[in-house]
Each structure stands twice: as C-alpha cells, then as structure tokens.
Amino acid sequence: MTFLLHKPFFSVFLHVLFFHILNSPFSTSSATSVFGNNTEAEALSKWKASLDSHSQSLLSSWVGTSPCNNWAGITCDNSGSVTNLTLGDIGLRGTLHDFNFQSFPNLLILHLGNNSFYGSIPPHIGNLSKITYLELCYNDFTGGIPSEIGLLKSLDTLSLCGNHFGGSIPHEIGKLTSLSLLAIERNNLSGSIPASIGNLRNLSMLYLADNELSGSIPQEIYLLESLNEVDLASNVLTGTIPDCLGKLANLTLLSLSSNQLSGPIPPSIGQLKSIEGLGLNENKFHGSLPLEINNLTRLTSFALSYNEFTGPLPQGLCLGVLLEKFTACSNYFSGTIPESLKNCSSLYRLRLDGNQLTGNISEDFSSYPSLDYVDLSYNNFYGGISSRWGEGRNMTSFKISNNNISGEIPPELRNATRLQLLDLSSNHLQGTIPAELRGLKLLYSLTLSNNHLSGTIPSYIRMFSSLQILNLASNNLSGSIPKQLGECSNLLLLNLSSNKFTESIPNEIGSLQSLQDLDLSCNFLAQGIPWQLGQLLMLETLDISHNMLSGVIPSSFKDLLSLSAVDISYNELQGPIPDIKAFHNASYEALRDNMGLCGNDSGLKLCNTTESNRTSKKKTNRVVILIVLPVLGSLLLVFVVIGAFFILRQRARKSEAEPGNEQDRNMFTILGHDGKKLYENIIEATEEFNSSYCIGEGGYGTVYKAVIPTTQVVAVKKLHQSQTEKLSDFKAFEKEVCVLANIRHRNIVKLYGFCSHAKHSFLVYEFVERGSLRKVLTGEEQAIELNWMKRLNVVKGMVGALSYLHHSCSPPIIHRDITSNNVLLDLDYEAHISDFGTARLLMPDSSNWTAFAGTFGYSAPELAYTMKVTEKCDVYSFGVVTMEVMMGRHPGDLISTLSSHASSSSSSISPISQQTLLKDVLDQRISLPKKGAAEGIVHIMKRALACLHPNPYSRPTMGNISSELATKWPPLTKPFSTITLEDILSHTCS
C-alpha cells in the first residue's frame, strides 16, 4: 500500500474543472439555441433511457427539446450546444454503449466520476475532438483503455482511476501533448509504462499507482521537467533509479513504494529541493543513503522502510522542522539517532523498528508534542525509558520492544492518556507494574512480556475496559491471578505464561466471552480447572501446561467448538479428555505427563468403562449398602482380630530368621507406579543389569535401557556403590526425588523416581531415542543429518531447559554438569537435558558448595579456585556445548584463545586478531548455512562466546538468552563467508 498520500483527487479535479468552466468562452447557457439542439437532446434522452430506473429518476429534469433549459448537470455555449456534462457522484448506473459521442462536437468537460457505470469505454469516445477534461474515476469500468483515446488532442486532464481496466497502457497516450494530469491508478493495468509518456512535456501530475505495471521506469519520464507529483507505487516495477532523477527539480511528491526497484539511491536526489513527500519503502534498495539527501529540508513525509539500506540515518532529517512522518523500519541502519531527529517537534509518526540502531534511549529523544505513533523495537537501544515520553499527550502507540532497555517503567507514562498500544516487551525492565498506569484507560494492547518484572498484577486492570491484548509472559510476576481480569470483557488474547503465579485459575476468566487465545502455562497454578472456562465459546488456543492442576477436565469443555489448539501437558489431571476436535487432534506432547488422562486419541489409555458404570450405579446400590453394612461391620471386626494375630506371629518368625533385616530398608519412590513391582520388572528386563543392556556411563552411575512389561521403555541409571553409601536420610532423599520428579519441561528428561534396595539403587528416567548429543556428533551419518536448522533448534532446547531450571523452579536448580553427554536427542533431534539435579540428590547438604567440579573441558574456570557452584557455572558449560554443536567437536584450545581475548583490554594484542573466519570453525561435514540459518548461527555464536567469559559476572543469564531467542534473528551486515570470530566478539556482523 502506498505510504505517501497526495492531495485528494477530487479537490484536484474540481480545481481543474472550475478552471475550465470559468475560462470557457461559452460558459453561459442560452435558450435561443440555433445549433444542433434537438440532436443533442435526442442523444441524451436515448442514453438516459438505457440507464437503470433509479438513474432515470435522478435525471427527471431531462425533459423537453433543449438540454440547455435546466437539465441537471448540463451547461451549454451561446449557440445552445452542450459543452459541459457533469454528473459525478449522484448514483448513476449503466453503460456508455448508448452514449452517442459523435453528437457532442463541442463537449469540453465530461465528468461521470463516483458512480456505478460498468462495461467498456466505447472506441468512438475518440469523436470528442474538443474535450479538455475527461473524468471517469471510481466506477466499475472494465476492458482496456481504448487506443482511440489518443485522438483527444486537446485533453488537459485524463482521470480513469479506481476502475477495473486491464491490459496495457496504450502507447497512443503519448499523443496527448496538452495533458497536465494523467491519473489511471487503482486499476488492473499490466505491461510496461510506455516510453511515449516522455512526449507529455506539459504533464505536472502522473498517477499510475496500484496496478500491475512491470519493467523499468522509462528514462523518458525523467525528461518531464514540469512534473510536480509522481506516484508509481504498488506495482511490480524493477530496475534502478538513474542519476538523471535530479532533473525533476519541481517535484513535490515522489512515491515509488511497494515495487521491486533495486540498487543505491543516486546522489542527484539532493537536487529535489522542493520535495515534500518521498516514498521509497518496500523495495530492494541497498547501500548507504547519499549525503545529498540532507538537502531535502522541506520533507514532511519520508518513507524508507522494508529495504536493505545500511549505514547511518541522514543527519539533516528534520532541519526544516517540517517532518511529520518518518519510517525507516526493517533495514540495516546503524549508528545513533541524528540530532535533528531527536528534537523534531513536528513529528507525527516515527518508525525505526527492525534496524541496528544504538544509543542511550534515555538521552536520545526529547518531547514530541504532535507524536501519534512511535516504534523503536528490534534495535540495540539501551538505558532507561525517559519520563519525557509521558509528555506525548497525543501519543496513541508506543513500541520499544526487543532492545536492551533497563530500569523501571516510568510512572510518568500515565500522562500519555491517549495511549492505546504499549509494547515494552523483550527488554531488561525490572520493578513492578506501576500503579500510575491506571490512568491509561484507552489501552487496547498492553505487552510487557520477556522482562524481569516482579510483584503482582494490579487489581486496577479491570479499569482497562477496552483492553484486547494483555501479554505479561516470561516475567517474575507472582501471587494469584486477579479475578478482576474477568471485567476486561473485550480481551481477545491473555498470556500470563512463564511467571510464578500460584493458587487457582480464577473462575472469572470464564466471563471473557470474546477471548480467543489463553496461555497460563509454566506457572504454579493448582487445584482444578474451573468449569467456567467452558463458557469461552470463542476460544481458539488454550495452553495451561506445566502447572500443578489436578482433577478432571470439566464437562463444560464439550462446548468449546472453536478450540483448535490445546496443551494441558505436565499437570496432574485425570479422567477422560473432552469429546471435541481440539483434543482429538492434540498430539501426545500436548497431553503427556498427567496423572491419569484417558481417551481414544494421542496414545492415551482407554477410559475404564467399568469404573464409569460403577459410578452411575452408586445411587441404586445405596439401599443395598445400608442393609449389608451392619453385617459386614461385625464380620470385619472378627477378621481384623484374627489378621493382627497372624501378622504379629509372622513378624516374630521373620525377625528370628533375619536379625539384621531392619537395617536393610527398601525404598521405592516412583510416581504413579507400584515401586516394588517396578523394581522387579527392571531387574528382570535388564537381566540384573547385564552389560548387554548398557547404553552409557557417567560420573554417578551406569545407564541401562529397560523395556518393562507395560511396553514402556525407560532409562535406568544404576548408581555406583560409592554414591549409594552417601544416602543416610532416606526421608529427605525421598522428598527431594518428589520435587525433581515434578519438574516438567519439554526439553528436560522426565525423572520418574528412585528405587533403593539392599542390592541395587537406581534412578528411573524417560528414555530418549537417539541418545547423547556427543554420540550424534561423533557419528558421520547422524552428524550430517543434524543440519544447521536442527542444530539451532538443539541450542534453543538447551536454553529453554536451563532457563526453566534457573528461573522457573523455586528454589532454582543448578545442573552442575552440562556436557554433550548429558544432552539427549529424540527421533526429531529435539534436545532433552538429562541428569539434572543428580548432584543435588546425592549431596543434599552441600548447598552450592561441592567437591564435584563438573566434567573436565566443560566446567567453569572459577571452579579451579572456588568450589562455589552458581547458575553461571551452567551458563559457561552451555557455552562450551553450544560451540561443540556448531563446530561438530569440542572447542578445545579455542576456548582459552577466546578467554584471552575477553580478558584483554585491547583486541589487537589478542590471538583472535588473526581474523579466524567463522566458516572455517564450523562443522565442515555440512555445507555453509543459507540466509536464515546463517543469521541464527552468528547470533548463537555471539551468545556462546559471551557465556565463555572468564568472569562469571560478565556472562548472560539463561533467562536473557531465552528472551533473545524468542525474537527473530538480527540480520547480517556483511556476507556470511567473510565474518570472523573477531566480528562476532565485537558485534560488528549483525
């Protein structure tokens, strides 16, 4: 769509129309016509009769023998001949096929715009030899523009816009040498722009936008020095802009938006000193903007978005203090905000999102009294949000997401009372949601996700009656979800995922009748699912996974017929799944890890119909129970006495035979299983841990694959004897197992539980098919299969898992031993971190101090001099494994080289300054990555190198990395094959 809008066509047409009327020598009508009166009256009457009945009633004044006698829309000359037929915008419907153009030899103006005329333009329109003004805009005409249009040699204005004309622009249009306005935009015209347009030396306004014109812009257009406005937007034009553009020195409007033009912008653009509107957006232009563009001081609207421009923004953007609209989003602009733009008080709309701009956001912008819309998202701005943004009393949209903004949300934003959209997501904001924001009562979209906000959701949320989108995901918000949310009746999207909300889902959520997307996943919500959620009849997606919800799914869910996607995994739900499409189509992953869901879909066990029948018969059996109960009570008392006697006798005999047995306690902490039975099954399945079932060995024990009788495959880690001897407080250990077994994340291997016996002690885990990442990387065939996009996904999986352990578990869980052996891949090459919390299990009293310093080559360097393990140790190990994923091998000595660079005050004395190419470091077994993967690899490598910083306090957190990976990859500023590790370390490649 064209960004720049020129003057409304109708005001231009009316101006030209009145000009022709006032300057016509035949501008008065005469009742004493002696010329052709009857012929013209008959032609007009015949044409009127061809129109629909409603149109005929609109022309009821067309009666009698002289069209000059008060016929609506008609003006005649002194001879009584029709010179002006102006019937625009009155609701006429019909065709021109019965209009006898030959009968109007003196017609100067034909204006039929804004009606419902259809059909084609008859070729005999060429008979209007004197016509100067032809306006047929905004009708339903079809067919092509007839070549006979070239016969209208006196034509000054030709307006055919807003119809359905097809075919090409006839080259005969070049014969209209008197033409000053040519407007044929908003049609279906195709082919190239004819070079004959270069003959129209008097042309001042050229509007060809919104067609399907192709080819390059003909050089001849640049010869039309009288041009004042040119709009060629929304076509499929190709080629470049030549330097002769500067000859169009009288231009006030140039819109080339939404084409496929390429190449750099020529320096001669600086000669367009009268230009007010310049639209270059949505093309393939590249390179830096020429310095000469700073000469355009009369600009009020400047659009550069969606190109491939690099370098800085023009420094003189707003020197004339006239700039109202400036959009440069989705390019590769870098550097800081120009001074002239910082103080541009005339700005109404500003979009700089999707670039690589930097600078302190708290200093770069002053007050903009006229600003309505601002988007600074997806850049590298840092610092805090200035309180001065609150001075934007006319601002309706403020977006600054995906930057490095820190500090708190300024309470002064309350003064921007017209604000409707506020997006501060994916930054490093801290503190609470300010109470002062209650004044923003016009908000329809509030997005604060992916920050470090804490506290609760304020109860004043109910005051946002217009709110449609509320996204507070991935923060540190806690407490209960306020029931006042139920008063935000216009909500379409509610996302509170990945926080620390507790208690139950409020029933009031069911009052949000317009809600389409609900995401409450990854919290600590408990109790049952409120039946009121079944009232959300517009709901399309529902995610309540990774909580502690229990009970059955309410029967009211059967009414959620609009639901298309659902995820209830990792809860404690049980009973049948609802009989609706969303649950029938749900994958196993969306339903897994609950207490006892059943149904006919997604690999669930069939529901127990006997149990259902038993429940349905409760009422019938109640009478029988009342009769039989007293009898059974008496018998039960007898059996209890006899049973107690035999139990005591048996214990006495067993105690005599095995005097030391009391100390050989057996412990079975297996969630959802009969622990003793499972112990026997595993012993049988592994033939008492025969080496033929061994699939790996680690620091704590040996891992075996076991297929238990339920056909479930599990991984069993049999602990070394030295580890089991450390277990003293079995009750504390059992509690710890339960905590770890309740950890639920798609990228973390599920711990089912623990068995301890006098002979064997082992942990029981989910089995992950492909085995360890190291195994896949060392195997030639699987390593090649693990392409770049899959490798990026492996890293994303690790990030998700570690971020969950560090930031979503209370207290946080430190893995302590992240290696490529402890990252397992499933059949889809999805990453699953294993062995989490093993050190915590076996050394519960060690807190963060432990003699276990991880695996050599993966453990953080600070563990050599301090034995304190923190989350930053996991971050370092993650960096090593990420390098290993990208290199296809352990990074080895490269780590010490990188560490040397990180600790050096000057990169010039570092070994890395030898300019090691990134492509030479990557796994050579697979070909170089393409565009999307290349951007991802550069970004991932940048994060990995940051994780390897020798100073733990300089490493990022897993939460920060997770937030960054939730956004699009930053674009590259140089070819991938030329990027060096030095570039990545200095952040000059993206």
Side-chain angles (χ1 to χ4, degrees), residues 2-6 193 198 203-209 216-235 237-335 338 340-341 344 351-352 355:
T2 307
F3 176 82
L4 295 158
L5 299 177
H6 43 74
I193 300 173
L203 197 64
S204 64
M205 289 176 278
L206 174 63
Y207 305 130
L208 305 180
S216 59
I217 301 172
Q219 296 280 336
E220 289 78 4
I221 282 184
Y222 301 108
L223 303 176
L224 305 179
E225 296 182 8
S226 297
L227 278 175
N228 182 255
E229 297 186 4
V230 175
D231 189 354
L232 307 180
S234 300
N235 283 288
L237 299 172
T238 55
T240 60
I241 300 177
D243 206 43
C244 54
L245 171 68
K247 293 183 178 181
L248 304 180
N250 293 313
L251 276 184
T252 59
L253 168 75
L254 174 62
S255 181
L256 304 177
S257 305
S258 302
N259 279 287
Q260 297 180 23
L261 299 168
S262 58
I265 304 301
S268 64
I269 198 170
Q271 298 173 33
L272 309 182
K273 295 183 179 181
S274 298
I275 200 157
E276 299 172 9
L278 179 58
L280 305 175
N281 51 303
E282 296 185 60
N283 279 286
K284 298 178 180 179
F285 294 123
H286 59 78
S288 297
L289 294 176
L291 293 176
E292 289 79 1
I293 214 163
N294 291 308
N295 297 332
L296 310 183
T297 57
R298 299 187 65 181
L299 279 174
T300 60
S301 182
F302 190 13
L304 297 169
S305 301
Y306 303 102
N307 281 288
E308 299 172 11
F309 289 121
T310 55
L313 293 171
Q315 293 301 308
L317 273 174
C318 194
L319 287 179
V321 198
L322 298 172
L323 191 64
E324 296 176 355
K325 299 178 183 178
F326 179 56
T327 65
C329 60
S330 297
N331 280 284
Y332 303 115
F333 287 117
S334 56
S340 65
L341 195 61
C344 190
R351 286 197 63 181
L352 302 178
N355 283 287

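- Considering only heavy atoms from C-beta on, I275 stays 4.5 Å or farther from T252 through its side chain.
- Under the 4.5 Å side-chain criterion, counting only non-hydrogen atoms from C-beta, F285 is not in contact with E308.
- Listed for the N250 side chain is a donor-acceptor partner under 3.5 Å among the backbone atoms of E225.
- A side-chain donor from one of Y207 and E229 sits under 3.5 Å from a side-chain acceptor of the other.
- The nearest pair of heavy atoms linking K273 to R298 is O-CD, 3.4 Å.
- A side-chain donor from one of S305 and T327 sits under 3.5 Å from a side-chain acceptor of the other.
- Going from atom CG of L224 over to atom NZ of K247 covers 11.5 Å, rounded to the nearest 0.5 Å.
- Looking at L296 and L278, their side chains come closer than 4.5 Å, going by heavy atoms from C-beta outward.
- Residues I221 and I193 form a side-chain contact, since some pair of their non-hydrogen atoms from C-beta on lies under 4.5 Å apart.
- Atom OG of S226 is separated from atom CG of L203 by 8.5 Å, given to the nearest 0.5 angstrom.
- The backbone N or O of P312 sits nowhere less than 3.5 Å from a side-chain atom of S334 that would complete a donor-acceptor pair.
- A side-chain donor-acceptor contact under 3.5 Å links N259 to the backbone of N235.
- Side-chain contact check for L256 versus I241: some heavy-atom pair is nearer than 4.5 Å.
- For T300 (side chain) and E324 (main-chain N/O), no donor-acceptor pair under 3.5 Å exists by modelled atom type.
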For a quick test of your reading: what N or O donor-acceptor pairs under 3.5 Å do the side chains of residues 261-268 make, sequence neighbours left out?
unit_1	atom_1	unit_2	atom_2	d
S268	OG	D243	O	2.5
S268	OG	D243	OD1	3.1
S268	OG	G246	N	3.4

Task: Working for side chain to side chain contact (heavy atoms under 4.5 Å, CB included), residues L253 and N228 - done: CA-CA 7 Å; L253 168 75; N228 182 255; over 6 Å; no
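- A 4.5 Å side-chain heavy-atom check between I217 and Y222 finds at least one atom pair inside the cut-off.
- Contact check for L227 versus L251: side-chain heavy atoms found under the 4.5 Å cut-off.
- Distance alone, capped at 3.5 Å, places no donor-acceptor pair between the N281 side chain and the G279 backbone.
- Atoms CG and OG, on L248 and S274 in that order, are 11.5 Å from each other to the nearest 0.5 Å.
- In this structure, N355 contributes its side chain and N331 its backbone to a donor-acceptor pair below 3.5 Å.
- Counting heavy atoms from C-beta on, the side chains of I269 and L245 come closer than 4.5 Å.
- Between F309 and F333, the two ring planes are parallel [angle under 30°; tilted spans 30° to 60°].
- Separation of atoms CZ (R351) and SG (C329) is listed at 3.5 Å; rounding is to 0.5 Å.
- Nearest heavy atoms, L299 versus G277: CD2-N, 4.2 Å.
- Of the possible donor and acceptor atoms, one in the side chain of N307 sits under 3.5 Å from a partner among the backbone N and O of N283.
- A 6.0 Å sphere centred on CG of L322 holds more than 12 heavy atoms belonging to other residues, nucleotides or ligands.
- Shown here for S288 and G311, the closest heavy-atom pair between the two residues is OG-CA, 3.9 Å.
- The two residues Q219 and C244 make their nearest non-hydrogen contact at OE1-SG, 3.6 Å.
- Heavy-atom minimum distance, S340 versus L317: OG-N, 3.2 Å.
- Note that the OG atom of S258 and the CG atom of L237 stand 11.0 Å from one another [nearest 0.5 Å].
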